[in-house]
Amino acid sequence: MAEYTDAERDTIRNAAFGAIALVSKADPGFFSSFKESLAGSKALASGPKEITEILKGGGLPTPPKGDQAAQEQAVTAGLTQAVGILDAKADGSAEAFKGVILEAAQAVADASDGVSPEEQAVIDKVRAALG
């Protein structure tokens with residue numbers, strides 16, 4: 001497995017958890033958010049070892065600040081940056097990361113009453129940010 005700095009791990013972790021948070025926020029509701037968070041976390045935890053090792057280290061992810069647009073911009077920029085970090089390691093982890101993030105985003109959207117148009121729009125933004 002490639003070596004990552006603490007800053008690289010933080011970027012990757014914040015992007016991953018930020019993506020599932022954005023999808024969850026797209027369809028608000030307390031019980032929905034709870035089910036969606038569990039589904040997203042479970043999907044991230046079941047990813048390939050090289051990705052779960054990066055995600056489980058360090059402290060808690062730092063949620064993006066600002067209004068919805070600022071949060072989306074921060075998370076999508078973070079996702080693009082995370083893919084760049086993983087691509088630079090040239091060990092195939094970037095593709096694994098993309099798959100895990102898209103699977104987790106879909107799991108979040110599916111967790112409560114199916115995928116809403118708002119959730120699908122966020123998933124599309126996440127997909128675009130992943131390249």
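Salt bridge annotation for Arg127-Asp124: present, with a cationic side-chain nitrogen under 4.0 angstrom from a carboxylate oxygen. Salt bridge absent: Glu36 and Lys25 never bring a charged side-chain N and a carboxylate O closer than 4.0 Å.
Within the 4.5 Å cutoff, side-chain heavy atoms of Lys89 are placed close to those of Glu8. A 4.5 Å side-chain heavy-atom check between Val75 and Leu79 finds at least one atom pair inside the cut-off.
Listed by first and then second residue, the salt bridge (charged side-chain N to carboxylate O under 4.0 Å, His left out) pairs involving residues 60-84 are Glu72-Lys125 (not counting sequence neighbours).
Distance alone, capped at 3.5 Å, is enough to place a donor-acceptor pair between the Arg13 side chain and the Leu55 backbone. A distance-only check finds no donor-acceptor pair linking the side chain of Glu118 to the backbone of Ala26 [under 3.5 Å]. Between the Ser24 side chain and the Ser37 main chain, no donor and acceptor come within less than 3.5 Å of each other.
To the nearest 0.5 Å, atom CG of residue Leu102 and atom CG of residue Leu130 are 5.0 Å apart. Summarising the geometry, atom CG belonging to Asp6 is positioned 10.5 Å from atom OG1 belonging to Thr11; distances are rounded to the nearest 0.5 Å. How far CD1 of Ile85 is from CZ of Arg9: 11.5 Å, rounded to the nearest 0.5 Å. In this structure, CD on Glu119 lies 9.0 Å from CD on Gln106, to the nearest 0.5 angstrom.
Looking at residues two or more places apart in sequence or on another chain, you find a side-chain contact (heavy atoms from CB on, under 4.5 Å) between Ala74 and Pro64. When the side-chain contact (heavy atoms from CB on, under 4.5 Å) test is applied to Leu38, the partners found at least two apart in sequence or on another chain are Phe34. Remark: Asp110 engages no residue in a salt bridge (charged side-chain N to carboxylate O under 4.0 Å, His left out) (not counting sequence neighbours). With sequence neighbours left out, the side chain to side chain donor-acceptor pair (under 3.5 Å) criterion links Gln81 to no other residue. Taking Glu103 as the reference, nothing meets the side chain to side chain donor-acceptor pair (under 3.5 Å) condition, with sequence neighbours excluded. With sequence neighbours excluded, no residue forms a side chain to side chain donor-acceptor pair (under 3.5 Å) with Lys42.
Looking at every heavy atom in both residues, Ala70 comes nearest to Gly66 through CB-CA, 4.1 Å. Of all heavy-atom pairs spanning Ala39 and Ala111, the tightest one is CB-CB, 3.8 Å.
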List the atom pairs, donor and acceptor, that lie under 3.5 Å between side-chain atoms in residues 93-101 and the rest of the protein, sequence neighbours left out.
| unit_1 | atom_1 | unit_2 | atom_2 | d |
| --- | --- | --- | --- | --- |
| Ser93 | OG | Tyr4 | OH | 3.3 |
| Ser93 | OG | Asp91 | OD1 | 2.6 |
| Glu95 | OE2 | Lys98 | NZ | 3.2 |

Can you give me every donor-acceptor pair (side chain of residues 14-23, partner residue at least two apart or in another chain, under 3.5 Å) with its distance?
| unit_1 | atom_1 | unit_2 | atom_2 | d |
| --- | --- | --- | --- | --- |
| Asn14 | OD1 | Thr62 | N | 2.7 |
| Asn14 | ND2 | Asp10 | O | 3.2 |

